[in-house]
Amino acid sequence: MTTRRDCVSGYQAPSGSFTLKDIGNCSMNIFTHFEARFHEAAEALKAEGVLPADSNTASLTVEPPRDASHGDIASNAAMVLGKQAKMAPRDLAAHFARKLEADPDIAKLDIAGPGFINITLKPEFWPRLLKSILEGGDDYGRSARGQGAKVNVEYVSANPTGPMHVGHTRGAVFGDALSNLLAFTGHAVTREYYVNDAGAQVDVLARSAFMRYREALGEDIGAIPEGLYPGDYLQAVGEALAAEYGKRLHNMPEADWLPLVRAKSIEMMLDLIRTDLAALGIHHDVFFSERSLVEGKPNQVEETVEDLREQGLIYEGMLAPPKGKLPDDWEEREQTLFRATDFGDDVDRALVKSDGSYTYFASDMAYHRSKLRRGFAHMINVFGADHAGYVKRMNAAVAALSHGDADLDIKICQMVRLFRAGEPVKMSKRSGSFVTLREVVDEVGPGPVRFMMLHRKNDAMLDFDFAKVLEQSRDNPVFYVQYAHARAQSVMRNVQELAPKLETSGKDLAGARLELLQDEAELAVVKRLSHYPRIIESAAEAHEPHRIAFYLYELASEFHGLWNRGKELPHLRFIIDADREITRARAGLVVAVAQVIRSGLGILGVQPISEMR
RNA sequence: GCACCCAUAGCUCAGCUGGAUAGAGCGUUGCCCUCCGAAGGCAAAGGUCAGAGGUUCGAAUCCUCUUGGGUGCGCCA
């Protein structure tokens, strides 16, 4: 397993000062950098006998303190180790302080509160850090933490029976952004879509398309019968079938035309879905066919069941009826069951239907077995809220199939409620008045859709207001972050106007006299920038891309604050005509802010804008 | 009946996997600005973190129960 220490284990220069090279493989994360220092100090204290040799330092953390007056970096080292050392935390903290005070980057070391060790870094540390941020460019924040591990992210997986519904949007965006995030942190990500092309629903789809086929041949089909898909998006399928087959399908028995119509319908519906997803900038690497599991030779579902049977995880038995409301057609019967309860599920799960075919769960097990066999020890599934009930059984399945060697994290995206200027948008499946993904994207654009969908924790409900996401105010985070980026770009355009010869790339500005940035608000922005790698790593570890959206809002807020100071105090403006050196240094800060916003938006899959209009 | 998710300021929500005096936006109140470095700025008030126990140096965060809301609940996909 990867731990924070892994990425600094090769660190060789405990007495050297902080440079890009030293922590290059640590994504310039100053917190992991100093965490390594604390671990070194702990080792030294073990050697001295202050700490027991077998002390467990796993819960030692290094974080930014909540209150800026507490310095730049804080650690709980003395508090988590106090008990093991049989010492008062504050006394142990003094030992850590003794070990760390020689560090050339540390200006001040305080022991505070119950035993926190607070570190204030030397003023010259920050210009060096800003320089390394500028030199890092688009790679600033990137991390090797994933160590190239293969991760399979399955998301969307909507039934190929029609266009994408707005309800699919959140999971689609979430899965895509999470994939970006994991790729940015050194994982080998495969983006996968499971196509449910084997069940009864695609037969219904085929029959629905067949109606449209007859319609395309000129027949008056009247109303689409109950139970079939009425959507007019199937007209194109009917026409395509008519063009391809003429009247030949018409006189065939259903058993003959159904596979042909079904294949064509699924193909066209997947094209439709791919187009919808592309409108949001989403592209999967693999579209995995459920049908391929049962049609393949040998049948992979059978193989899966046999595997489990050999492990003694399959039995024939009866399930107790669910308590409370009993299904109308409940009949007790013996069935083939998977011992899901051995792996934390509530009940054992049926694998074979009464007609002898496999259940959806059986093929889902085979599907995850396929993922395992394709070398994925790490899997993430993004589900909608309506599938929350499947989490336990899927985890049980993966635990059984992998013998506990693989992990599956199922992320549930809660519902999205649509509003139009504060009024809920009514949606009714019965009347067919549902809002499609495409309508939302076409109305507000992909950027605002993506940002807003990621601006909530995935397991909390989300309100999406068509009016709000286009509003130009601080209240609208999409605007506020984009505005910061546009402002930064605007400053740089002005800089170039003033000094056309000045090189304004980040790499060039890394050579500016960044130590001239001494205003409190300027340093606050640099410090905020220093948090970025940490936000990235924690968001990746927790599988929570929304943290990036919130970070960007904070960064934008800090940047706007700096801009506003320039209004009150002209000497703090970014561009000082009479002082090229300070202008260049501030340009470096502005470019770094724009760079980090661009980087974060890139992970969220949002196109930054360079000019407000 | 059972399982899972949620509950934090008047409203909408963060809270970095257990840290210090719980944060932001909106709204409210009070000042400032009318500036194209535009699509405002500063400040203040506002909290029993749903409730009750427990775990420990320390809990909004972890455990148990209760209350209120959401989502599901034999072989459907």
Side-chain angles (χ1 to χ4, degrees), chain A residues 31 59 61 63-67 70 74-76 79-80 82-83 88-89 112-116 118 157-159 161 196-202 204 290 318-327 329-333 335-336 345-347 349-364 384-392 412 414-415 455-463 465 468 471-477 479-480 483 487 490-491 494 531 534-535 537-539 541-542 544 546-547 549-551 553-554 557 560-561 563-568 570 573-575 612:
Chain A
F31 300 97
S59 50
T61 61
E63 303 177 315
R66 190 181 323 184
D67 189 333
H70 291 140
S75 176
N76 63 359
M79 292 182 290
V80 297
K83 193 168 203 175
F116 283 101
N118 292 334
S157 298
N159 288 335
T161 54
N196 297 129
D197 54 0
Q201 293 208 12
V202 285
V204 174
E290 179 188 3
M318 306 251 251
L319 282 181
K323 294 197 166 117
K325 58 167 188 184
L326 199 65
D329 57 348
W330 173 268
E331 69 179 285
E332 209 152 57
R333 73 175 180 90
Q335 44 190 345
T336 304
D345 201 356
D346 303 316
V347 291
R349 300 291 173 180
L351 298 177
V352 183
K353 293 192 256 184
S354 51
D355 69 358
S357 64
Y358 287 106
T359 62
Y360 176 80
F361 179 61
S363 47
D364 223 349
D386 52 340
H387 283 66
Y390 292 79
V391 172
K392 282 187 180 179
I412 299 294
Q414 281 298 332
M415 301 197 312
H455 195 253
R456 280 277 170 281
K457 234 176 349 196
N458 61 284
D459 49 12
M461 283 204 290
L462 184 152
D463 292 346
D465 193 312
K468 176 61 76 56
E471 201 175 279
Q472 298 201 335
S473 75
R474 184 170 191 163
D475 195 21
N476 174 13
F479 164 79
Y480 202 61
Y483 186 26
R487 244 182 187 173
S490 162
V491 170
N494 291 336
H531 295 178
R534 176 186 158 77
I535 296 289
E537 288 188 350
S538 70
E541 216 160 292
E544 290 185 353
H546 77 274
R547 295 186 192 186
F550 281 94
Y551 169 79
Y553 184 84
E554 286 167 6
S557 177
H560 288 307
W563 171 282
N564 287 322
R565 272 171 79 84
K567 268 167 106 173
E568 293 288 314
R573 292 184 169 208
F574 297 119
I575 298 172
M612 301 307 292

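Every chain is numbered from 1 and lettered A, B, ... according to where its sequence line falls, protein lines coming before strand lines.
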Name the orientation class of the two ring planes belonging to H387(A) and Y390(A) (parallel below 30°, tilted from 30 to 60°, perpendicular beyond 60°). tilted
For N564(A) and U34(B), what is the distance between atoms CG and P respectively, to the nearest whole Å? 15 Å
Indicate, with a heavy-atom threshold strictly under 4.0 Å, whether I575(A) touches base, sugar-phosphate, or nothing. base
If you measure from the P atom in C49(B) to the same atom in G10(B), how many Å do you get, rounded? 12 Å
Classify the nucleic acid contact of N76(A) as base, sugar-phosphate or nothing, counting any heavy atom under 4.0 Å across all strands shown. base
Could you identify the nucleotide paired to C42(B), looking across every strand shown and requiring Watson-Crick or G-U wobble geometry with both distances under 3.5 Å? G30(B)
If I take atom CZ from residue F574(A) and atom OG from residue S490(A), how far apart are they, to the nearest 0.5 angstrom? 10.5 Å
Can you tell me the base-pairing partner of G23(B)? Count Watson-Crick or G-U wobble geometry only, both distances below 3.5 Å, and say none if there is no partner. C13(B)
Pick the closest RNA chain B nucleotide for R333(A) and for F116(A) by heavy atoms, then say which residue is nearer the 5' end. F116(A)
Side chain of D459(A) (C-beta onward), nearest among A38(B), C6(B), G19(B): C6(B)
Which label fits U28(B), syn or anti, where anti is any glycosidic angle not within 90° of 0? anti
NA contact type, R547(A), heavy-atom cut-off 4.0 Å: base, sugar-phosphate, or nothing? sugar-phosphate
Which label fits Y480(A) and Y553(A): parallel for a plane angle under 30°, tilted from 30 to 60°, or perpendicular past 60°? tilted
Please determine if a side-chain N or O atom of K353(A) lies less than 4.0 Å away from the OP1 or OP2 oxygen of A77(B). yes
Once you apply a heavy-atom cut-off of 4.0 Å, does Y360(A) come out as touching a base, just sugar-phosphate, or nothing? base
What's A200(A) touching, base or sugar-phosphate or nothing? Going by heavy atoms closer than 4.0 Å. sugar-phosphate
Under 4.0 Å between any heavy atoms, over every strand shown, what does G199(A) touch: base, sugar-phosphate, or nothing? Just pick one. sugar-phosphate
Distance only, no hydrogens: is a donor on one side chain within 3.5 Å (strictly under) of an acceptor on the other, for R487(A) and H560(A)? yes
Send over the distance from Y480(A) OH to G25(B) C1', rounded to a whole Å. 10 Å
Select from E554(A) and W563(A) the residue whose nearest nucleotide in RNA chain B is closer to the 5' end of that strand. E554(A)
Is there a side-chain polar atom (N or O) of K567(A) under 4.0 Å from OP1 or OP2 of G41(B)? no
Can you check the distance between G19(B) and A59(B), where both ends of the measurement are the P atom (answer in whole Å)? 11 Å
Would one find a side-chain N or O of R487(A) under 4.0 angstrom from OP1 or OP2 of A38(B)? yes
Watson-Crick or G-U wobble mate for U56(B), both contacts under 3.5 Å: none
Once you apply the 3.5 Å cut-off to both distances, tell me the Watson-Crick or G-U wobble partner of G47(B), or none. none
In whole angstroms, how far is the P atom of G70(B) from the CG atom of D463(A)? 14 Å
Here the distance between atom C1' of G18(B) and atom NZ of K83(A), to the nearest Å, is 14 Å
Between Y483(A) and A39(B), is there a contact of a side-chain N or O with OP1 or OP2 at under 4.0 Å? yes
Quick check for you: among A38(B), U71(B), C13(B), whose closest atom lies nearest to any side-chain atom of R456(A)? C13(B)
Could you check whether R547(A) and Y551(A), counting side-chain N and O atoms only, form a donor-acceptor pair closer than 3.5 Å? no
From C-beta outward on L319(A), which listed nucleotide comes closest to its side chain: G74(B), G70(B), C76(B)? G74(B)
Taking the minimum atom-to-atom distance to the side chain of F479(A), which one of U12(B), C76(B), G40(B) wins? G40(B)
Selection from U12(B), G72(B), A77(B) that lies nearest to any side-chain heavy atom of D386(A): G72(B)
Within the structure, does a side-chain N or O atom of R573(A) lie under 4.0 Å from either OP1 or OP2 of G37(B)? no
Can you tell which of U12(B), A3(B), A14(B) lies closest to the side chain of D346(A)? A3(B)
With a 4.0 Å cut-off on heavy atoms, is Q472(A) in touch with a base, just the backbone sugar-phosphate, or nothing at all? base
Looking at C16(B), does its base get a donor-acceptor pair with the side chain of R534(A) below 3.5 Å? yes
Under a 4.0 Å threshold between the charged nitrogen and the carboxylate oxygen, would K468(A) count as salt-bridged to E471(A)? no
With no hydrogens and no angle check, just 3.5 Å: does a side-chain donor-acceptor pair link E290(A) and S363(A)? yes
Whole-Å gap separating C1' (C5(B)) and CD (E544(A)): 14 Å
Give E568(A) one of three labels, base, sugar-phosphate or nothing, depending on what nucleic acid heavy atoms sit under 4.0 Å from its own. nothing
So what does T359(A) hit on the nucleic acid, given a heavy-atom distance under 4.0 Å: a base, only sugar-phosphate, or nothing? sugar-phosphate
What integer number of Å spans the C1' atoms of G74(B) and U17(B)? 37 Å
Rounded distance in Å between the C1' positions of G53(B) and A44(B): 38 Å
Watson-Crick or G-U counterpart of G18(B), or none if no pair lies under 3.5 Å: none
Taking any strand in view, what nucleotide pairs with C4(B) in a Watson-Crick or G-U wobble way, both distances under 3.5 Å? G70(B)
When we call it a touch if two heavy atoms are under 4.0 Å apart, what does A385(A) touch: a base, just sugar-phosphate, or nothing? sugar-phosphate
Of the listed nucleotides G40(B), G25(B), G37(B), the one nearest the side chain of S473(A): G40(B)
Quick one: do the N159(A) and T161(A) side chains pair a donor with an acceptor below 3.5 Å? no
Candidate nucleotides A77(B), C13(B), G25(B), ranked by approach to the side chain of N196(A) - the nearest: A77(B)
For F31(A), is the NZ or CZ atom of R534(A) found under 6.0 angstrom from the centre of its six-membered ring and inside 45 degrees of the ring axis? yes
Take the protein atom CD1 of I535(A) and the nucleotide atom C1' of A14(B), then report the distance between them rounded to whole Å. 11 Å
Are H546(A) and G15(B) close enough that a side-chain N or O sits under 4.0 Å from OP1 or OP2? yes
Could you tell me whether N118(A) contacts a base, only the sugar-phosphate backbone, or nothing, with contacts defined as non-hydrogen atoms closer than 4.0 Å? base
Any side-chain N or O of K457(A) below 4.0 angstrom from OP1/OP2 of G15(B)? yes
Mind checking V491(A) for me? I need base, sugar-phosphate or nothing, with any heavy atom below 4.0 Å counting as a touch. nothing
Nearest whole angstrom, please: distance from the C1' of G15(B) to the OH of Y553(A). 16 Å
How is I412(A) classified with respect to the nucleic acid when contacts are heavy atoms under 4.0 Å: base, sugar-phosphate, or nothing? nothing
Does the side chain of R349(A) pick up a donor-acceptor pair with the side chain of T359(A) at under 3.5 Å? no
Just the rounded figure in Å: distance from C1' of U71(B) to OH of Y390(A). 12 Å
Watson-Crick or G-U wobble partner of C76(B), both distances under 3.5 Å: none
Choosing from G19(B), U17(B), C13(B), which nucleotide comes nearest the side chain of A542(A)? U17(B)
Candidate nucleotides C57(B), C4(B), G15(B), ranked by approach to the side chain of K392(A) - the nearest: C4(B)
